[in-house]
Amino acid sequence: MNELAVVLPGLNLKNPIMPASGCFGFGYEYSNFYDLSELGAVIMKAATGTARLGNPTPRVAETASGMLNAIGLQNPGVNHIIEQEVPFLAEYDTSIIANIAGSTIEEYEMVAEAFNDTEHVHALELNISCPNVKEGGIQFGTDPQMAAKVTERVKRVSKLPIYVKLSPNVTDIVAMAKAVEAAGADGLSMINTLTGMQIHLPSRRPLIANKTGGLSGPAIKPIAIRMIYEVKQHVDLPIIGMGGICNAEDVLEFLLAGADAVAVGTANFSNPLVCKEIIADLPDVLKRNGLSSVQEAIGKAVFI
Amino acid sequence: MNELAVVLPGLNLKNPIMPASGCFGFGYEYSNFYDLSELGAVIMKAATGTARLGNPTPRVAETASGMLNAIGLQNPGVNHIIEQEVPFLAEYDTSIIANIAGSTIEEYEMVAEAFNDTEHVHALELNISCPNVKEGGIQFGTDPQMAAKVTERVKRVSKLPIYVKLSPNVTDIVAMAKAVEAAGADGLSMINTLTGMQIHLPSRRPLIANKTGGLSGPAIKPIAIRMIYEVKQHVDLPIIGMGGICNAEDVLEFLLAGADAVAVGTANFSNPLVCKEIIADLPDVLKRNGLSSVQEAIGKAVFI
Amino acid sequence: MKKEKLTIIATKQIAKATFEMKLENIHISENAVPGQFLHILMEGHTLGRPISIADIDKQNHIVTILFKVVGSGTKRLAEYRVGQQIDALGPSGNGFPSEQNEKKTVLLIGGGIGVPPMYYLGKQLAEQNVNVIAILGFQTAENVFYEEKFNQVAETYIVTDDGSYGEEGFVTDLLDQVGNFDCYYTCGPLPMIKAITDKLIGKRGYISLEERMGCGVGACLACMIPANNQSGYKKICSDGPVFSAEEVII
Amino acid sequence: MKKEKLTIIATKQIAKATFEMKLENIHISENAVPGQFLHILMEGHTLGRPISIADIDKQNHIVTILFKVVGSGTKRLAEYRVGQQIDALGPSGNGFPSEQNEKKTVLLIGGGIGVPPMYYLGKQLAEQNVNVIAILGFQTAENVFYEEKFNQVAETYIVTDDGSYGEEGFVTDLLDQVGNFDCYYTCGPLPMIKAITDKLIGKRGYISLEERMGCGVGACLACMIPANNQSGYKKICSDGPVFSAEEVII
Ligand SMILES: Cc1cc2nc3c(=O)[nH]c(=O)nc-3n(C[C@H](O)[C@H](O)[C@H](O)COP(=O)(O)OP(=O)(O)OC[C@H]3O[C@@H](n4cnc5c(N)ncnc54)[C@H](O)[C@@H]3O)c2cc1C
Ligand SMILES: Cc1cc2nc3c(=O)[nH]c(=O)nc-3n(C[C@H](O)[C@H](O)[C@H](O)COP(=O)(O)OP(=O)(O)OC[C@H]3O[C@@H](n4cnc5c(N)ncnc54)[C@H](O)[C@@H]3O)c2cc1C
Ligand SMILES: Cc1cc2nc3c(=O)[nH]c(=O)nc-3n(C[C@H](O)[C@H](O)[C@H](O)COP(=O)(O)O)c2cc1C
Ligand SMILES: Cc1cc2nc3c(=O)[nH]c(=O)nc-3n(C[C@H](O)[C@H](O)[C@H](O)COP(=O)(O)O)c2cc1C
Ligand code: FES
Ligand code: FES
């Protein structure tokens, strides 16, 4: 058996590595660097009901061991994605996860339904945690009842497994996870970015035009690990873990903390080949740490 | 006039720089590196009613651009601090702020009262945000009602101005700030550490013996800046800002975001002379950015 | 575009806080066209630093970049020494279109650290028998660089904000004085580019734009510029950095 | 203790993943005693790295350290080259007490990367006319270092876990075989130290302890060890790293 394989609802992954939503577009650009069939899965950029232009620029800023972004869910709309973007990715031997967002529950439902008939999309990642849009997004992600409601409603209309993407900007992450578990989520995806800000000294103003942005990268890894560890103790759902992963050791840390698979976001910007390199390194990192498979590593630090 | 001077409740600071609580002990060790009279103020290590031994070791771990700590409020108890530690600091021409903590509201009251008769302590920092103790600490810091209650009770017994130290581990930092403002706080101190974890791969266990620890250092600076900026818009209290400050540019970023003074924690570990160096660099950094004083910089990015 | 290792074979300061670095790399030297950039990836820096290709020596596989130290990344870059290697994505983006300009007159307008890509372009145009005029704007005398090199390929005018070197004023002040030209190419700060496109409206022109970048390859949507096309935007890193003056909204 | 800049004057690999680095610095070379350490501060690393002083050449102001690459900090340290400077706090902590040991026999027991401080101590004891015996434990043959240097100052026994060099087994296996001694000094992994103090209970002994450090100066309370004193603890960075075998609870 393949020591890297993981089976999750809707996802038969040859390895647990996937690029994170928003950090890989729809795969096209990175296909110039390596064969996307090497990836366990690809999580696409967020899809909304209709096209969105996103926020004004500057949209990104570098921070210590991380970055801020406020792209603002720019995307060409769900129909365009299904028609123009999914077919390209479908050519590769990898699973496809669609990240869906909206300003209203109805928009979430509409986007989720649109993916019902695209055989190439294997699961949905329900983005209730985007900090960069005025409406929708994060308000669903910081209130357990709202999170449960949108999960339940999307679950009702969708034929695909739903991974709810949790926001770390909350007092009680376990309460959020329990709420969406009760509402029928098939899995969790965590964490999205932490809301942050940088002041540009010369202009004395927030550097990001949207003022705040989402903090990602190695800086947030300890927070991601803590939240996954906590949630794993209380919730039975599989977890796609993310937040600052840069190498195969980081992947193992997430697996031990309770992630069943992982997504790599910001690190693609520091090295476009990072996912491929992590996949290549992972078997050896497992072995050096006395583990024979990814499956064996999952949750090892939690259940002892 | 001294361009670095700031006047805050109880504090007549010759400059806005002070070492953060827990990162400078009671000053003794760092007095070997420079004259503590150069500092605007010193915030002492947390004081509790009686001596505490803290958590088992390891208590610290390095993270990307930051660190985790779980000291666990180890301290010799408030009476010992007043008798043995304050007199040493009182020899220097600097303000002294006592950081107070407890497991119960009664303990907070008792510690606060104990400082009433020490003329050398100029203000209290009410630590309702320590993530590293089982009882007290963070539960007061994540619930606005609890925070208000402890603030009010301490305010009632203390003769000193109270700066309430807020935890960033909350969904709504503005709600916390408003609650303690309404309860009579004289100022805010923010932010304390974010709860995080690191897994030690060889042992497959959380590296910190306490499992979780508080994340500090440059990694968290964007979160601190965002929270201060948000709170400054809604609350009138002066703010002592902290979280990742390493140099005079960082100080200016905090001032522009709305801090009235700043504390430097983790950076003392990377460079024991950092506070002295920041104070020396600050006038030039202000000037290069077209500002004539600290006072002029405060909140400039917020109110435009 | 590939991820490449480039070996530093020379590095020196050529003006105030401004450095010239010569890098050896086969793939980039063989494929780069004027206006393209390197997206430089440095350890300890999450994001790449886009730096224009200022010159190429195809025969010796040498790529020249010129950069100004403005923050932590360029500061670090200035500390690298001969023999060390840097990682970069390149050649990145789309350069200036190579049109049939023979015997025509082309105006190059560069401002500050927008001057570097103009040099490689001017050199190539001169080789193609184009009549090249260059207006180069700098803050003060101590910021001026590459004047002699430009003199060899173009009729060159220097302006400084304070008149401490060349003419006093902005590059736009000279637009009327340099005579007729068929087409212009410009790179520099946005206000300069805007002033130029406003003044030269109707003229065929190409502008090179800057924006803070995330991925540098077109995937993250950090570097948008509103455009007159169907989607309403273009990506500076992959659709640009060079655009025709009419195609984007600045 | 001060914050000092030390200039690297030599650096080389001396065993598997183990490096010897010679550093020039007046303050530290003049003041350090055996058992003290440098708290090395490196850019890009929030916390200092405590590394024992393995030897001092007072005349030439040279401080020698020996370190094993185990993580990011020691990896970075191994990459430094001759001529570069490193920042460190030092000399840090309290070293082995200099007692009146003349004509007596002292046993040094070092395990792995706990061997380095034993060398400077052994050298100094030998100069004071003390009869020195050393038991040095390593994992395997390829980890062994400084055997010859120890031979010059002590009657030296090497043990390896797998017997690939010297005797097979642990340092504790040799305690009965080395003859009588008046006092012992040890540094190495905690289980080794614990086994030694258990076995040598009642003997006068000094142990050097390790713990993850924050400040390295005694201010942050990261590096506690329970102790038989009034406060119930000692700080390894400033009260230690050397303690008498009875004063702390391990
Ligand atoms: C297509 C293109 C070509 C460029 N060519 C050159 C050149 O040839 N020579 C040169 O000196 N500079 C050039 N620049 C500007 C250069 O990219 C920035 O000066 C540099 O990234 C600053 O990095 P830093 O770490 O020193 O500054 P910091 O301010 O510390 O950088 C922080 C972040 O902001 C980004 N950033 C800061 N300023 C700019 C800027 N002006 N444009 C884009 N991103 C920025 C950085 O890339 C980084 O991600 C070019 C920019 C673009 C977009
Ligand atoms: C008093 C003292 C003297 C020492 N003398 C030596 C010596 O002479 N030679 C030598 O090779 N090593 C010595 N060590 C151990 C050395 O400090 C660690 O191996 C080193 O800090 C590891 O750093 P790293 O970045 O490579 O590892 P990482 O694991 O990446 O370090 C992460 C963090 O953990 C800390 N850490 C990791 N391992 C240890 C450890 N064993 N002890 C204390 N902190 C640790 C680091 O300082 C850093 O803060 C000594 C430790 C102490 C406390
Ligand atoms: C530029 C950028 C764009 C992002 N866009 C999305 C998005 O559209 N939907 C989403 O759920 N998360 C988005 N994220 C969050 C990431 O998917 C991921 O959760 C987060 O960045 C943490 O992982 P990392 O530290 O590996 O980047 C984005 C992150 C970045 C940096
Ligand atoms: C080792 C350590 C100990 C700390 N102890 C305390 C404490 O006793 N009381 C408190 O209010 N904050 C404590 N803090 C939090 C700091 O005062 C500060 O709020 C936080 O570290 C963020 O600032 P920094 O990034 O500059 O370190 C401690 C932080 C560290 C790193
Ligand atoms: S920088 Fe990512 S799309 Fe241009
Ligand atoms: S490391 Fe801070 S007290 Fe020892």
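Only a predicted model underlies this, so the values are computations on that prediction, with no experimental measurement involved. Note: hydrogens, waters and symmetry copies are ignored here, and every other heavy atom, side chains too, is used. Here is how names work: the chains are called A, B, and so on, in the same order as the sequence lines, proteins then strands, and each is numbered from 1.
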Spell out the residues in residues 220-228 of chain B that have some non-hydrogen atom less than 4.5 Å away from a non-hydrogen atom of chain A, in order of number; otherwise answer 'none'. B/Pro222, B/Ile223, B/Ile225, B/Arg226
Atom pair OH/OG1 of A/Tyr229 and B/Thr212 - distance to nearest 0.5 Å: 9.5 Å
Could you walk me through whether A/Thr171 and B/Thr142 satisfy the side chain to side chain donor-acceptor pair (under 3.5 Å) test, starting with their C-alpha distance in whole Å, then the side-chain angles of each, then the deciding distance to 0.1 Å, before giving a yes or no? CA-CA 7 Å; A/Thr171 309; B/Thr142 53; over 6 Å; no
Nearest 0.5 Å, please: how far is CG in B/Asp172 from CG in A/Asp143? 11.5 Å
Looking at every heavy atom in both A/Ala301 and B/Pro206, which two are closest together, and how far apart are they? O-CD, 4.2 Å
Side chain, backbone, both or neither of A/Leu215 within contact of chain B (heavy atoms, under 4.5 Å): side chain
Smallest separation among heavy atoms of A/Arg204 and B/Asn289, with atom names: NH2-O, 2.8 Å
Side chain, backbone, both or neither of A/Ile173 within contact of chain B (heavy atoms, under 4.5 Å): neither
In short, A/Ala219 meets B/Ala219 closest at the heavy-atom pair CB-CB, 3.6 Å
For B/Leu68, which atoms come within 4.5 Å of any heavy atom of chain A: side chain, backbone, both, or neither? side chain
Output the option from B/Gly217, B/Gly196, B/Ser203, B/Gly290 having the highest count of non-hydrogen pairs under 4.5 Å with chain A. B/Gly196
I need the contact set between residues 250-257 of chain A and chain B: heavy-atom distance under 4.5 Å, sorted by residue number. A/Leu252, A/Glu253, A/Leu256, A/Ala257
